[in-house]
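Read the structure below first, then the notes.
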Amino acid sequence: MSKAPKLHNAMWPGLVGKGTEEGQEPQFSLEHMLDLTAAAEVDGQKFDGIDYFLYLPHTDPEASDDELKKIADLIQSKGFDIGSLVAPIWGNTGGGSAMGNTEEQGKFLDAVKLACRIAKVFNEHGARKYGVIRIDSAEFGVAKFLEDSDHNIKRIAGTFKEAAKIAADHGERLAAEGEVCWAGLHSWKASIFVETWSLIR
């Protein structure tokens with residue numbers, strides 16, 4: 001009988017869409033999210049680990065190795081492995097649009113480098129044994145994308161290709177996530193084009 005796949009809970013719902021603006025829920029602390037995850041159970045099935053968003057207040061992307069090890073210890077103390085990591089590629093987390101200018105592209109790639117550094121610390125600490133680094137186009141909405149969709153989708157693919165080189169150099173793999181609200185990745189056909197074009201470019 002084959003083993004069931006590892007079941008992970010995502011930490012970013014505790015942060016995304018929450019904050020200090022009027023009408024927003026407060027952000028959940030990492031420990032609170034871990035406690036909620038540990039308490040979740042359906043028909044005897046519990047979570048094996050977490051997928052982790054590499055940004056404040058859960059994690060400072062510039063955290064020292066020792067600080068990251070303490071985070072890993074906290075996560076392991078709740079009985080969890082760390083799996084996939086979400087790179088801080090969005091502009092409000094220090095990154096930049098994958099279809100943006102050279103400066104924005106550079107910030108996107110720097111965010112992937114940060115994620116690879118953190119992954120290395122977690123891997124060597126023993127808290128992370130599998131998983132990918134998650135990215136997306138880091139461009140909210142499709143209006144700007146549609147101004148020149150042919151150019152923009154190629155720009156996204158080119159950024160992804162450079163990001164994949166960085167990940168490979170660190171022994172990591174990338175996974176591109178798409179939603180209807182993200183430029184260039186708003187359909188499965190567009191996502192396949194980005195992947196294919198980045199491979200053959």
Side-chain angles (χ1 to χ4, degrees), residues 6-43 45-98 100 104 107-108 110-123 125 127-128 130-144 174-183 185-186:
K6 298 292 186 182
L7 184 63
H8 281 219
N9 192 27
M11 294 291 99
W12 50 93
L15 303 178
V16 176
K18 297 176 173 63
T20 57
E21 294 181 18
E22 186 177 351
Q24 287 186 325
E25 293 180 339
Q27 292 179 321
F28 295 175
S29 70
L30 174 59
E31 187 156 15
H32 183 49
M33 284 293 292
L34 291 171
D35 288 339
L36 292 173
T37 303
E41 181 177 348
V42 176
D43 296 332
Q45 175 68 61
K46 296 179 70 68
F47 285 107
D48 300 293
I50 64 162
D51 293 335
Y52 197 41
F53 182 29
L54 302 179
Y55 196 63
L56 298 165
H58 288 183
T59 303
D60 182 350
E62 301 286 353
S64 69
D65 288 6
D66 286 341
E67 289 170 328
L68 293 171
K69 290 173 185 176
K70 288 180 182 178
I71 290 170
D73 287 339
L74 172 63
I75 293 168
Q76 287 183 303
S77 75
K78 305 293 184 177
F80 296 130
D81 291 323
I82 301 171
S84 296
L85 305 175
V86 180
I89 51 174
W90 283 78
N92 61 349
T93 62
S97 170
E104 288 179 291
K107 289 180 178 180
F108 184 105
D110 284 343
V112 173
K113 290 175 186 175
L114 279 173
C116 288
R117 181 187 78 82
I118 294 172
K120 184 173 185 290
V121 174
F122 287 159
N123 294 345
H125 193 61
R128 181 173 179 264
Y130 50 80
V132 296
I133 292 175
R134 206 203 81 187
I135 60 171
D136 54 62
S137 66
E139 180 69 47
F140 190 78
V142 297
K144 187 176 179 182
L174 300 180
E177 181 179 358
E179 289 190 10
V180 294
C181 57
W182 293 339
L185 298 174
H186 48 277

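The first residue in the sequence is number 1, and the count goes up from there.
Within a 6.0 Å radius of NZ in Lys144, no more than 12 heavy atoms belonging to other residues, nucleotides or ligands are found. Other residues, nucleotides and ligands place no more than 12 heavy atoms under 6.0 Å from the NZ atom of Lys120.
Panel note: side chain Gln24, backbone Glu21; a donor-acceptor pair is recorded below 3.5 Å. Of the possible donor and acceptor atoms, one in the side chain of Lys46 sits under 3.5 Å from a partner among the backbone N and O of Ala38. Within the 3.5 Å criterion, the main-chain N or O of Gly49 finds no donor-acceptor partner in the side chain of Asp81. Remark: the backbone N or O of Phe122 is not paired with any side-chain donor or acceptor of Arg128 at under 3.5 angstrom. Within the 3.5 Å criterion, the main-chain N or O of Leu56 finds no donor-acceptor partner in the side chain of Thr59. In this structure, Ser84 contributes its side chain and Asp51 its backbone to no donor-acceptor pair below 3.5 Å.
To the nearest 0.5 Å, the span separating OG1 on Thr37 from CD1 on Ile75 amounts to 10.0 Å. The CG atom of Leu85 lies 9.0 Å from the SG atom of Cys116; values are rounded to the nearest 0.5 Å. Interatomic distance, Ile89 CD1 to Ser97 OG, rounded to the nearest 0.5 Å: 9.5 Å. Taken to the nearest 0.5 Å, the CG atom of Leu68 stands 8.5 Å off from the CG atom of Leu54.
Considering all non-hydrogen atoms of both residues, Pro61 and Ile118 come closest at O-CD1, 3.8 Å. Closest approach of Ala175 to Val132, counting heavy atoms only: CB-CG2, 3.6 Å. For Ile133 against Ala119, the heavy-atom pair with the smallest separation is CD1-CB, 4.5 Å. Summarising the geometry of Gln27 relative to Pro57, their closest heavy-atom pair is OE1-CD, 3.3 Å, with the distance given to 0.1 Å. Nearest heavy-atom pair across Glu177 and Asp136 is O-CB, 3.2 Å. The minimum heavy-atom distance linking Ala87 with Ala111 is given by the pair CB-O, 4.0 Å.
At a threshold of 4.5 Å between non-hydrogen side-chain atoms, the residues Asp65 and Arg117 count as touching. Residues Leu15 and His58 are in side-chain contact: their nearest non-hydrogen atoms beyond the backbone lie under 4.5 Å apart. Inter-residue side-chain proximity for Gln76 and Ile82 is flagged as unmet; no heavy-atom pair is nearer than 4.5 Å. A 4.5 Å side-chain heavy-atom check between Met11 and Leu30 finds at least one atom pair inside the cut-off. Taking 4.5 Å as the limit, every side-chain heavy atom of Tyr55 sits out of range of all side-chain heavy atoms of Asp60.
Using modelled atom types, one finds no donor on one side chain facing an acceptor on the other under 3.5 Å when comparing His8 with Tyr52.
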- Verdict with reasoning, Trp12 to Arg134, per side-chain contact (heavy atoms from CB on, under 4.5 Å): CA-CA 12 Å; Trp12 50 93; Arg134 206 203 81 187; 3.4 Å; yes
- Task: Start with the C-alpha distance between His125 and Asp73, add both sets of side-chain angles, then the distance that settles side-chain hydrogen bond (donor to acceptor under 3.5 Å, both in side chains), and finish with yes or no.
- Result: CA-CA 9 Å; His125 193 61; Asp73 287 339; 2.7 Å; yes
- Query: Could you go step by step and tell me if Phe140 and Trp90 meet the side-chain contact (heavy atoms from CB on, under 4.5 Å) rule?
  - Reply: CA-CA 9 Å; Phe140 190 78; Trp90 283 78; 3.6 Å; yes
- Residues Thr93, Phe53; criterion side-chain contact (heavy atoms from CB on, under 4.5 Å); working and verdict: CA-CA 11 Å; Thr93 62; Phe53 182 29; 4.2 Å; yes
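Salt-bridge annotation for Asp35 and Lys78: present, with a side-chain N of the basic residue lying under 4.0 Å from a carboxylate O of the acidic one.
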